[in-house]
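Data first, discussion second: the structure below is written as structure tokens.
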Amino acid sequence: MVRSQFSRRSFTKAAASVGAAATVGLAGCLGDDGGDGIELLTPEGNLNIMHFLAGTDEGFWADEGVDFNPEVAAYGRFVNALPDDGNDVGLLEYNNLSQYTQAGEELVQFGPCITQINSIFVPVDSDIEDVTDLQDITFGHPGWSTGTGTYTQAMIWEQHGFDIREENDDVESDPSTLYSLMVDQDEVDAMLQFTGQTVRGLANDDEVRPVYNAWEEWEAETGFPPLITPWCAQRSWLEENPDVALSLLAGWSSAQEHIEQNAESVVNEYGQLAGVSEGEEGAVIELAEAGDLHLPVDDYTDELIDSQWRLVEAMEDLGSIEAIPPREDHIVSIDELRAMAEE
């Protein structure tokens with residue numbers, strides 16, 4: 001296998017990162033009256049599949065005393081896992097947190113998961129050099145209401161002062177069609193991509209190159225990458241089960257460490273389930289070994305949350321969300337969660 005050399009901080013120049021956007025639902029939990037454990041639904045083609053399935057096979061959640069059962073599911077099955085008296089615990093994007101809390105849902109984010117590192121690509125011979133050139137063009141995207149679309153629009157607005165959605169003619173399509181529209185048909189000048197096609201682009205640097213990466217850009221701006229789907233729970237569940245929430249995060253941390261230390265074997269075993277095509281594993285292995293697919297649980301501090309709330313505020317400025325959820329009511333840091341468990 002040929003493995004490209006790159007790091008998080010040299011992404012744009014070296015064309016070497018990978019994105020992941022996922023929404024995950026969990027049903028049942030350790031401590032429920034039924035005692036059925038926690039069932040995890042994670043959508044097809046997302047990189048967190050490697051964490052959840054490898055971590056479960058290695059027994060990391062069992063070691064924490066949690067009966068944890070992840071399952072890969074179609075998007076429609078899990079997207080509404082939390083609202084309307086749904087699951088107790090899940091992963092939730094900020095735009096959906098706003099939507100659900102506006103509707104009266106009592107939800108609280110409590111830990112980090114996969115980072116948002118999906119990318120904007122242009123043809124390798126394009127005159128577009130950087131993000132400021134992404135104006136007055138034909139821009140392809142998989143949907144502005146998606147987590148990737150909402151986050152990217154907000155970050156560019158916050159950092160560079162223009163609305164990429166309003167400044168361009170746009171073409172909305174599924175990710176694989178977008179790739180063809182740009183590379184084969186010259187119908188779009190730049191494209192925003194989800195995980196699978198981001199990996200494809202990075203593996204084919206003779207065809208395309210990245211000009212904007214969420215991780216690198218937002219980390220340079222705030223010191224922290226954007227988190228696509230923080231862990232989230234019903235308020236009543238979290239208040240009753242902070243120790244179980246910590247056990248879930250502890251298992252996740254062990255899965256992170258396992259992937260970093262065994263990247264090649266994990267990617268080879270679970271990569272295709274996570275949207276990594278055959279022959280495109282090298283980019284994901286490199287990122288996994290560097291720890292760039294995720295953020296350590298101990299980094300879920302007030303400072304990190306500050307960096308995320310800037311994104312939420314930018315979303316409101318753009319009209320992507322109707323209102324900013326009261327931060328003190330809907331997010332707790334890792335230190336606050338640990339304090340809850342000690343009470």
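We number each residue from 1, following the sequence as shown. Below, each value reflects all heavy atoms present in this structure, side chains not excepted, and no hydrogens, waters or symmetry copies.
Annotation: Asp184, atom CG; neighbour count of heavy atoms from other residues, nucleotides and ligands within 6.0 Å is above 12. No more than 12 heavy atoms of other residues, nucleotides or ligands shown are found within 6.0 angstrom of CD on Glu322. Within a 6.0 Å radius of CD in Glu257, other residues, nucleotides and ligands contribute 12 heavy atoms or fewer. The local environment of CD in Glu328 is crowded, with over 12 non-hydrogen atoms from other residues, nucleotides or ligands closer than 6.0 Å.
Remark: Arg235 does not engage Asp88 in a salt bridge, criterion side-chain N to carboxylate O under 4.0 Å. Ionic pairing of Arg200 and Glu207 is not present here: no N-O contact between side-chain nitrogen and carboxylate oxygen is shorter than 4.0 angstrom.
Under the 3.5 Å distance criterion, the side-chain polar atoms of His51 are left unmatched by any main-chain donor or acceptor of Ala255. Side-chain atoms of Thr177 do not come within 3.5 Å of backbone N or O of Ser173 as any donor-acceptor pair. Under a 3.5 Å cut-off, the side chain of Tyr212 and the backbone N or O of Asp130 do not form any donor-acceptor pair. Formation of a donor-acceptor pair under 3.5 Å by the Thr101 side chain with backbone atoms of Ser98 is found in this model. Remark: the backbone N or O of Leu82 is paired with a side-chain donor or acceptor of Gln234 at under 3.5 angstrom. With Thr222 contributing its side chain and Glu219 its backbone, the two residues share no donor-acceptor pair below 3.5 Å. A donor-acceptor distance shorter than 3.5 angstrom exists from the side chain of Asn168 to the backbone of Ile164, with no hydrogens or angles considered. A donor-acceptor pair under 3.5 Å is absent between the side-chain atoms of Trp231 and the main chain of Gln109, judged by distance alone. Between the side chain of Asp189 and the main chain of Thr138, a donor-acceptor pair closer than 3.5 Å is present. Listed for the Glu281 side chain is a donor-acceptor partner under 3.5 Å among the backbone atoms of Gly279.
In this structure, Leu47 and Val276 have side chains that are in contact, with non-hydrogen atoms separated by less than 4.5 Å. No side-chain heavy atom of Ser236 sits under 4.5 Å from any side-chain heavy atom of Glu106. Gln159 places a side-chain heavy atom less than 4.5 Å from the side chain of Trp218. Side chains of Glu221 and Glu216 form no contact here, defined as non-hydrogen atoms less than 4.5 Å apart.
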**Prompt:** Taking it one step at a time, do Gln308 and Tyr94 satisfy side chain to side chain donor-acceptor pair (under 3.5 Å)?
**Reply:** CA-CA 9 Å; Gln308 306 303 297; Tyr94 300 121; 3.0 Å; yes
**Request:** Take Asp317 and Arg310 through the salt bridge (Lys or Arg N to Asp or Glu O under 4.0 Å) test and state the conclusion after the steps.
**Result:** CA-CA 11 Å; Asp317 288 344; Arg310 281 185 60 185; over 6 Å; no
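Between the side chains of Gln153 and Asp163, a donor-acceptor pair is found at a separation under 3.5 Å.
Asp302 meets the side chain to side chain donor-acceptor pair (under 3.5 Å) test with no other residue; sequence neighbours excluded. Qualifying salt bridge (charged side-chain N to carboxylate O under 4.0 Å, His left out) partners for Glu280, counting only residues two or more places apart in sequence or in other chains: none.
Ring geometry for His160 versus Phe162: interplanar angle of 30 to 60°, hence tilted.
Residues Leu318 make up the rest of the hydrophobic cluster containing Trp157, defined by ILVMFWY side-chain heavy atoms closer than 4.5 Å, directly or through other members.
The distance between the ring centers of Trp252 and Phe52 falls below 6.0 angstrom.
Because its NZ or CZ atom is not both nearer than 6.0 Å to the ring centre of Phe121 and within 45° of the ring axis, Arg209 does not count as a cation-pi partner of that residue.
The two atoms that bring Trp61 and Thr56 nearest to each other are CZ3-N, 3.6 Å, heavy atoms only.
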